[in-house]
Amino acid sequence: MTDTILVTGGTGFIGSHAVVSLQQAGYRVQILDNLCNSDIKVLDAIASITKTRPDFMEGDIRDGNLLAKIFDKRRFGAVMHFAGLKAVGESSAMPLAYYDNNVNGSVQLLTAMQQAGLKNFIFSSSATVYGEPQKLPLTEDHPRSSTNPYGHTKLVIEDILANLRNSDNAWRIACLRYFNPVGAHPSGLIGEAPQGVPNNLMPFVAQVAAGQRPNLQVYGNDYDTPDGTGVRDYIHVMDLADGHVKALDYCLKAQPGLTTVNLGTGKGYSVLEVIAAFEQASGKPVPYQVVARRPGDVGACWASTTKAFDLLGWRAEKCLDDMCQDAWRWELSRHDV
Ligand code: NAD
Ligand code: UD1
């Protein structure tokens, strides 16, 4: 029998790509999503990529009764938990919404899983838990800290997972710390669709290249980096999705326990390098102006990828040009440029 995986947030940016990878790896998928930041049409797109339509339930992870019904009705091999809110600025303006959605939502989900006797869990954490890097590359044992409510929700959930695992050694948990997920499925059928003004670099650059916005603001060129602009470890979302399948396979086979792994490429690119790569991929100019640093930003951040490779046998394959080309194809599929 093929395992069915419950994917919360499976119509969102990263979740939808993970659903594609899971289905292509032979898993069946049930999505639970309240559609607060995604579109139901993603299901058609996934079906046309994989030739299989994932099962979908519209609902909220904070709804304990609904969760009990879902676990009562169907047996799952594991839960992959993407659902949550993720905008750093918004989290400072609405901290309670973030603690409710992310922390309370995760507690509700884990409680329902415990009651159902399902203890295999893959969690979307973030490199934001490393705070200001003390040493690069960032290894999983780097001290953790947070500078905003969103980041703090990830820290708290990581701690809850550690407590849970200490309370019951039957749990198999993978805590995956994503660096900067970008790009889109190469088909151009699914990708990131930010509502309003994008907070993150790559979707903003794509909209400037597409003529949707006049120019990009580069947040600071006085960092201690080769060209002075911020350096990040951008990872193609399909590599990230494949990392989830590898982490799931590992969790299901290895001894029970909690494993924390970075998902990044191990290579950092500056804002100016991203702009140049995007101009090359799109054939369009990306005008920019340098402005002050964004509060809360770190200068440089990239992953140590050793643990992911040693434990999961996974490493990112796609380069910055692939990320830009696929992000551009996705942008073109949505606008007349
Ligand atoms: P996204 O907003 O595109 O996807 C999240 C999905 O969860 C959306 O479809 C949304 O409708 C759904 N959702 C939100 N709250 C819900 C709730 N209470 N009940 C049910 N569904 C709910 O975000 P994403 O970029 O795909 O991120 C997925 C996960 O990865 C999040 O937990 C995020 O914090 C984490 N993460 C993302 C990034 C990134 O750069 N995108 C980086 C690190 C970690
Ligand atoms: C941001 C979040 C982080 C979250 C991550 C998800 C902040 C402070 N951090 O990380 O918590 O986990 O997104 O992907 O918001 N930049 C510009 N102009 C822009 C946008 C960004 O110059 O319009 C620069 C930034 O200063 C940074 C780089 O581009 O140097 C990447 O920024 P971004 O895509 O927002 O990611 P992070 O800041 O790494």
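Atoms within a ligand are numbered from 1 in the order they appear, just like the ligands themselves.
Closest heavy-atom approach to atom 19 (N) of ligand 1 within the set V237, N37, I61, V129: this belongs to I61. One option in D63, N34, I31 has a heavy atom closer to atom 17 (C) of ligand 1 than any other, and that option is N34. Scanning Y150, Y223, Y269, Y219 for the heavy atom closest to atom 19 (C) of ligand 2 points to Y219. The residue from P203, A87, A83 that puts a heavy atom closest to atom 7 (O) of ligand 1 is A83.
Taking atom 34 (O) of ligand 1 as the reference point, the nearest protein heavy-atom neighbour is Y150 OH, 2.8 Å. Scanning all protein heavy atoms for the shortest distance to atom 24 (P) of ligand 1 gives K86 NZ, 3.8 Å. In terms of protein heavy-atom proximity, atom 12 (C) of ligand 1 is nearest to D33 OD1, 3.2 Å. Counting only heavy atoms of the protein, atom 24 (C) of ligand 2 lies nearest to V271 CG2, 3.7 Å. Given atom 8 (C) of ligand 2, the protein heavy atom at minimum distance is D297 OD1, 3.3 Å.
Ring geometry for H142 against Y130 counts as perpendicular: the plane angle is over 60°, on a 0 to 90° scale with 30° as the lower cut. Using a 30° and 60° split on the angle between ring planes, F123 and F121 fall in the parallel class, below 30°.
Checking only distances, F82 does come within under 3.5 Å of ligand 1, N or O to N or O. Considering backbone and side-chain N/O atoms, Y178 never comes within less than 3.5 Å of an N/O atom of ligand 1. In terms of N/O distances under 3.5 Å, ligand 1 is not approached by S126. By the 3.5 Å distance cut-off applied to N or O atoms, S125 is not counted among the residues near ligand 1. Considering backbone and side-chain atoms alike, C36 places an N or O below 3.5 Å from some N or O of ligand 1. Checking only distances, F13 does come within under 3.5 Å of ligand 1, N or O to N or O.
Of the heavy atoms in E192, none comes closer than 4.0 Å to ligand 1. Counting heavy atoms closer than 4.0 Å to ligand 2, residue V88 contributes side-chain atoms (C-beta onward) but none from N, CA, C or O. At a heavy-atom distance under 4.0 Å, atoms from both the backbone and the side chain of I14 approach ligand 1. Contacts between L35 and ligand 1, counted as non-hydrogen atom pairs separated by less than 4.0 Å, involve the backbone only. At a heavy-atom distance under 4.0 Å, atoms from both the backbone and the side chain of N200 approach ligand 2. Residue contacts with ligand 2 for F13 are absent, since no atom lies close enough (heavy atoms, distance under 4.0 Å). Here N199 has backbone heavy atoms under 4.0 Å from ligand 2, and that is the only part of it that gets that close. Contact annotation for K154 and ligand 1: only side-chain heavy atoms (C-beta onward) come within less than 4.0 Å of the ligand. Counting heavy atoms closer than 4.0 Å to ligand 2, residue R293 contributes nothing at all.
At a cut-off of 3.5 Å, with distance as the only test, no side-chain donor of Y98 or N104 sits close to an acceptor on the other residue. A donor and an acceptor atom, one from each side chain of D227 and S270, are located under 3.5 Å apart. Between the side chains of H185 and D326, no donor-acceptor pair is found at a separation under 3.5 Å. Side chains of S106 and H81: a donor-acceptor N/O pair is present below 3.5 angstrom, by distance only. Between the side chains of Q24 and T50, no donor-acceptor pair of N or O atoms lies under 3.5 Å. Counting only N and O atoms by type, the side chains of Q207 and R213 include a donor and acceptor under 3.5 Å apart.
Within 6.0 Å of the OH atom in Y99, the count of heavy atoms belonging to other residues, nucleotides or ligands exceeds 12.
A cation-pi arrangement is present between R293 and Y223, with the terminal nitrogen or guanidinium carbon under 6.0 Å from the aromatic centre and inside a 45° cone about the axis. With a 6.0 Å cutoff to the six-membered ring centre and a 45° limit on the axis angle, R294 does not count as a cation-pi contact of Y219.
Atom numbering of ligand 2 starts at 1 in the shown order; those under 4.0 Å from a heavy atom of Q217 are 17 (C), 18 (N), 19 (C), 22 (O), 23 (O).
Heavy atoms only, all atoms of each residue included: L312 and A247 are closest at CD2-CA, 4.0 Å.
Considering CD1 of I157 and OG of S124, their distance stands at 9.5 Å, rounded to 0.5 Å.
Put simply, no part of T8 is less than 4.0 Å from ligand 1, judged by heavy atoms.
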